[in-house]
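On a predicted model such as this, the values are computed, not experimentally measured, just so you know.
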Amino acid sequence: MEFSMVVVCVAFGAALYAIFKVYNELVRRRNAVRNQFAQIDVQLERRYDLIPNLVETARGYMQHERETLDAVVAARNKAQQARSSASDKPEDAGAVALLGQAEAMLQGAMSRFMALAEAYPDLKASSTMQQLMGDLAATESEIAGARQAFNETVTHYNNYCQSVPSNLVALPFGFRTAQWLQVASADKRENIKVSFGATDAG
């Protein structure tokens, strides 16, 4: 009887240890997702800070394009709100999905803005505009790299959440799969191209 009680206690202790180990690994991977999102967060905020300056610089040259300029500002504000929600809990699939949608809308507005800006030689020649465009191009590159790293971290976290036996711990303790940050629109628009200032500097 004593021996069987020892066996039961040892088995219970081993099971408890395994649960603690899996739980700690889930926490570590969820924190990695949050950390990777923080890298995106910094670059997104930098871009959101650049856009109003870009629009105000362009406004003096593109006086007949008010609707387009206002659309950029509105899309930027919505994306910034979505970023704020996602940064509070980046493992929340819904919040990250909404950020992806808001970013797609911003990219669409920015693409239309860039296309119109090409028709204004004085704007393209502006040193302020060229500087802002250069900063924006560098930021877009940083965002793309940070988004890729975030999505890879999300994949590792999701695989662990969904695998046996870790999924048996994940569900009861409230660990849910996270969402990739995907920025896509109906016409499969590519990343914003912001290089016209650099090519026309001369």
Note to self: For a 4.5 angstrom cut-off between non-hydrogen side-chain atoms, does T57 reach L132?
What the structure shows: yes
Next item on the list: Applying salt bridge (charged side-chain N to carboxylate O under 4.0 Å, His left out), run through R59 and D70 and close with a yes or a no.
Entry: CA-CA 10 Å; R59 201 178 291 278; D70 289 347; 3.7 Å; yes
Item checked: Pairwise side-chain contact, M62 with T68, heavy-atom cut-off 4.5 Å (strictly under) -> no
Next item on the list: Return yes if a side-chain donor-acceptor contact under 3.5 Å exists between N158 and Q162, otherwise no.
Entry: no
Note to self: Show the nearest heavy-atom pair for residues L123 and A117, with the distance to one decimal.
What the structure shows: CD2-CB, 3.9 Å
Next item on the list: Examine distances only and state if a side-chain atom of D92 and a backbone atom of A95 form a donor-acceptor pair shorter than 3.5 Å.
Entry: yes
Item checked: N77 vs Q81, side chain to side chain donor-acceptor pair (under 3.5 Å): CA-CA, chis, key distance, verdict -> CA-CA 6 Å; N77 292 341; Q81 289 173 358; over 6 Å; no
Next item on the list: Mark yes or no: R29 above the aromatic ring of Y160, with NZ or CZ under 6.0 Å from the six-membered ring centre and no more than 45 degrees from the axis.
Entry: yes
Checklist line | Residue pair A71 / A109: nearest heavy atoms and the distance that separates them | finding: O-CB, 4.0 Å
Check: Applying the 4.5 Å side-chain criterion to the ILVMFWY set and letting contacts propagate, would V73 and M110 be lumped into a single cluster?
Finding: yes
Next item on the list: Would you check if L106 and Y48 make a side-chain contact, meaning some heavy-atom pair closer than 4.5 Å?
Entry: yes
Note to self: If you define the side chain from C-beta out and look only at heavy atoms, does anything of F173 sit under 4.5 Å from L26?
What the structure shows: no
Check: Just by distance, do the side chain of S163 and the backbone of S166 share a donor-acceptor pair under 3.5 Å?
Finding: no
Notebook entry, point to check: Closest approach of P90 and F150, non-hydrogen atoms and distance?
Noted result: O-CZ, 4.0 Å
Notebook entry, point to check: Just one of R30, R34, Q179 clears the side-chain hydrogen bond (donor to acceptor under 3.5 Å, both in side chains) bar with E91, so which one?
Noted result: R34
Notebook entry, point to check: Which is it for F175 and Y23 under the side chain to side chain contact (heavy atoms under 4.5 Å, CB included) test, yes or no, and what are the steps along the way?
Noted result: CA-CA 9 Å; F175 290 89; Y23 180 87; 3.6 Å; yes
Check: Same cluster or not: are V27 and F37 linked, directly or through other Ile, Leu, Val, Met, Phe, Trp or Tyr residues, by side-chain heavy atoms under 4.5 angstrom apart?
Finding: yes
Next item on the list: Report yes if some heavy atom in the side chain of E152 is under 4.5 Å from a heavy atom in the side chain of Q36; otherwise report no.
Entry: no
Check: Going only through I, L, V, M, F, W and Y residues with side-chain contacts under 4.5 Å, is there a path from I51 to M129?
Finding: yes
Next item on the list: Taking Q130 for its side chain and K124 for its backbone only, find out whether a donor-acceptor pair lies under 3.5 Å.
Entry: yes
Item checked: Heavy-atom side-chain proximity of D49 to R76 below 4.5 angstrom -> yes
Margin query: Quick one, V96 and Q182 - any side-chain contact, counting heavy atoms below 4.5 Å?
Written below: no
Next item on the list: Look at R46 together with D41 and state whether they make a salt bridge at an N to O cut-off of under 4.0 Å.
Entry: no
Margin query: Do L116 and M105 land in one hydrophobic cluster if side-chain heavy atoms of ILVMFWY residues count as linked below 4.5 Å?
Written below: no
Notebook entry, point to check: Does the ring center of Y61 lie less than 6.0 Å from the ring center of Y120?
Noted result: no
Check: Is the shortest side-chain N to carboxylate O distance from E67 to R112 below 4.0 Å?
Finding: no
Next item on the list: May I ask you to test the L99-R83 pair for a side-chain heavy-atom distance under 4.5 Å?
Entry: yes
Note to self: Would Q80 and E45 count as a side chain to side chain donor-acceptor pair (under 3.5 Å) here? Give the steps.
What the structure shows: CA-CA 7 Å; Q80 191 173 42; E45 190 58 38; 3.0 Å; yes
